[in-house]
There are 2 protein chains.
Amino acid sequence: MDTQSIIDFFREKGHKVTSQRLAICKFILSRKDHPTAEQIYQKLRGEYPTISLGTIYKTLHLLEELGLIQELGFNERRVRYDPDMKLHINKVCSKCGKITDYKTENVEKFWSAIISDLKIKPKGQRIDLYYECDDCK
Amino acid sequence: MDTQSIIDFFREKGHKVTSQRLAICKFILSRKDHPTAEQIYQKLRGEYPTISLGTIYKTLHLLEELGLIQELGFNERRVRYDPDMKLHINKVCSKCGKITDYKTENVEKFWSAIISDLKIKPKGQRIDLYYECDDCK
DNA sequence: GTAACTGCAAACGCTTTGCACTCCC
DNA sequence: GGGAGTGCAAAGCGTTTGCAGTTAC
C-alpha cells in the first residue's frame, strides 16, 4: 500500500489525514516483526518529537477497526500489531519471542478444508507455532 | 486427571500439595471455557473465603511451567487459561468473545503437513478461528 | 523444624481516558 | 469555522511482588 493509497483510504472512510497518522500507518504496514506500541513510539519520535503514545494507541485501534491490522496478544503483557490480515502462520520462538511469518499453499489448502468442515463464515484467524529458533538452540 | 493423580504429580515434581493449589488445579483442568484468573477467584472464594488472587496467579504460573495448561492472551487485557495442551482450534466469537474448542482428523492432518514442510520441532501451538456465534448473529 | 506456600497490600506497567489545544478540510 | 485529531497527564486495571504469617512434609 503506497502513501497515496493510504491517504485515499482514510479519506474514503471519513477520517482526516495527519502526518502522525500517516507515519504510524506507513510504519506498521511495512513491518513484518509485529512491533509493540512502544516500539513504534520509539521509532517515530525521532522524526516526530512531540508524538505521544496515546496517539499511537488511538491510531492503531483505528487501523484495526478499518481492518488493516490485527492485534495479537502474546503472553507478555504488551500487545503486538500484525499488518498481515491474510492466512499465515506466526512462528514464535518460545525462548526469545522472535516472530517470523510463514505461508505456503499447504496452509491455504488445509485451512480451507477445516473451514468447510465447520460450515461457518470465518472472520479471521490467528495461527501460532511455538518452537525454538536457531539463535536460542 | 483425577485428584490423586494431581497430588502425585505435584509431589513427584517436588511441590507441596495445599488445598488451594488442589482446588485451583481441579477447577482449571475441568474447564473448557478458558477462564480468567478473576473468574477462577470468584468461583473458588465461596469454598475458600480467604483465597487470594495472588495465589491464583502463582498457581496458574506453576501449572503452566509444569506443562498442564497454556496461557492465551486474547485482545482483552486479561489472560485466559486453557487446560487443553493438545492440538485443537479455538473458535472465538469476535463479538461476545465466547470460545469453543474444535478438533477433527482434518485439523491433525493440516497441522502435521505444515510441521513436516517446516522441518522444525514444534513445542506447542495455538490456533484461533474468529467468527460470529449463533447468539450474536 | 524448615522451606515452601498463602494472603494481603502495595507496586508495576501497559493501555485508556479526559481535556485543552491544534490543524485538516 | 468547526469538528476531528493530537499531546499531555492522570487514571485504570490486570498482574506481579514483597513480606510476615502459616502450613505441608
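Everything quoted here is computed from the prediction, not taken from an experiment. So that the names make sense, note that chain A is the first sequence line, chain B the second, and so on, each numbered from 1.
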So, is Ser52(B) close to the dT6(C) phosphate, meaning a side-chain N or O under 4.0 Å from OP1 or OP2?
no

Taken to the nearest 0.5 Å, the spacing of Leu68(B) CG from Tyr81(B) OH works out to 14.0 Å

Students often mix this up, so state it plainly: with edges at 30° and 60°, are the rings of Trp111(A) and Phe110(B) parallel, tilted or perpendicular?
tilted

Mind checking whether His88(A) and His34(A) have parallel, tilted or perpendicular rings, split at 30° and 60°?
tilted

Could you go through Lys98(A) and Asp135(A), starting from their C-alpha distance and side-chain angles, then the distance that decides it, and tell me whether this counts as salt bridge (charged side-chain N to carboxylate O under 4.0 Å, His left out)?
CA-CA 10 Å; Lys98(A) 193 177 68 186; Asp135(A) 298 342; 3.6 Å; yes

Mind checking whether Gln125(A) and Ile89(B) have side chains closer than 4.5 Å, heavy atoms only?
no

His15(B) side chain near dC5(C) phosphate (N/O to OP1/OP2, under 4.0 Å):
yes

Calculate the interatomic distance between Arg78(B) atom CZ and dT15(C) atom P; express it in whole Å.
16 Å

When the distance from CD1 of Ile56(B) to P of dT16(D) is rounded to whole Å, what number comes out?
13 Å

Where do Asp8(A) and Ser5(A) land on the side chain to side chain donor-acceptor pair (under 3.5 Å) test, with the steps shown first?
CA-CA 5 Å; Asp8(A) 295 344; Ser5(A) 310; 5.7 Å; no

How long is the line joining CD1 of Ile51(A) and C1' of dG5(D), in whole Å?
12 Å

Atom of Ile7(A), atom of Val17(A) and distance for their closest heavy-atom approach:
O-CG2, 3.8 Å

Look for any protein N or O under 3.5 Å of an N or O in nucleotides 16-20 of chain C and output each such pair with its distance, or none.
residue, atom, partner, partner atom, Å
dT16(C), OP2, His61(A), NE2, 3.0
dG18(C), O6, Lys58(A), NZ, 3.1

What's the CG-C1' distance between Leu60(B) and dT6(C), to the nearest Å?
15 Å

CZ of Arg11(B) versus P of dA4(C): gap in Å, rounded?
16 Å

Rounded to whole angstrom units, what separation is found between the CD atom of Glu64(A) and the P atom of dT15(C)?
13 Å

Enumerate the residues from residues 16-45 of chain B whose closest heavy atom to DNA chain C is under 4.0 Å, giving them by residue number; use none for an empty result.
Lys16(B), Thr18(B), Gln20(B), Arg21(B)

Using whole Å, report how far CD of Glu76(A) lies from C1' of dC12(C).
16 Å

If you round to the nearest 0.5 Å, how far is CD of Gln70(B) from CG of Asn90(B)?
7.5 Å

Under the 6.0 Å and 45° cation-pi test, does Arg21(A) pair with Tyr48(A)?
no

Taking NZ from Lys13(B) and P from dA24(D), how many angstroms apart are they, rounded to a whole number?
23 Å

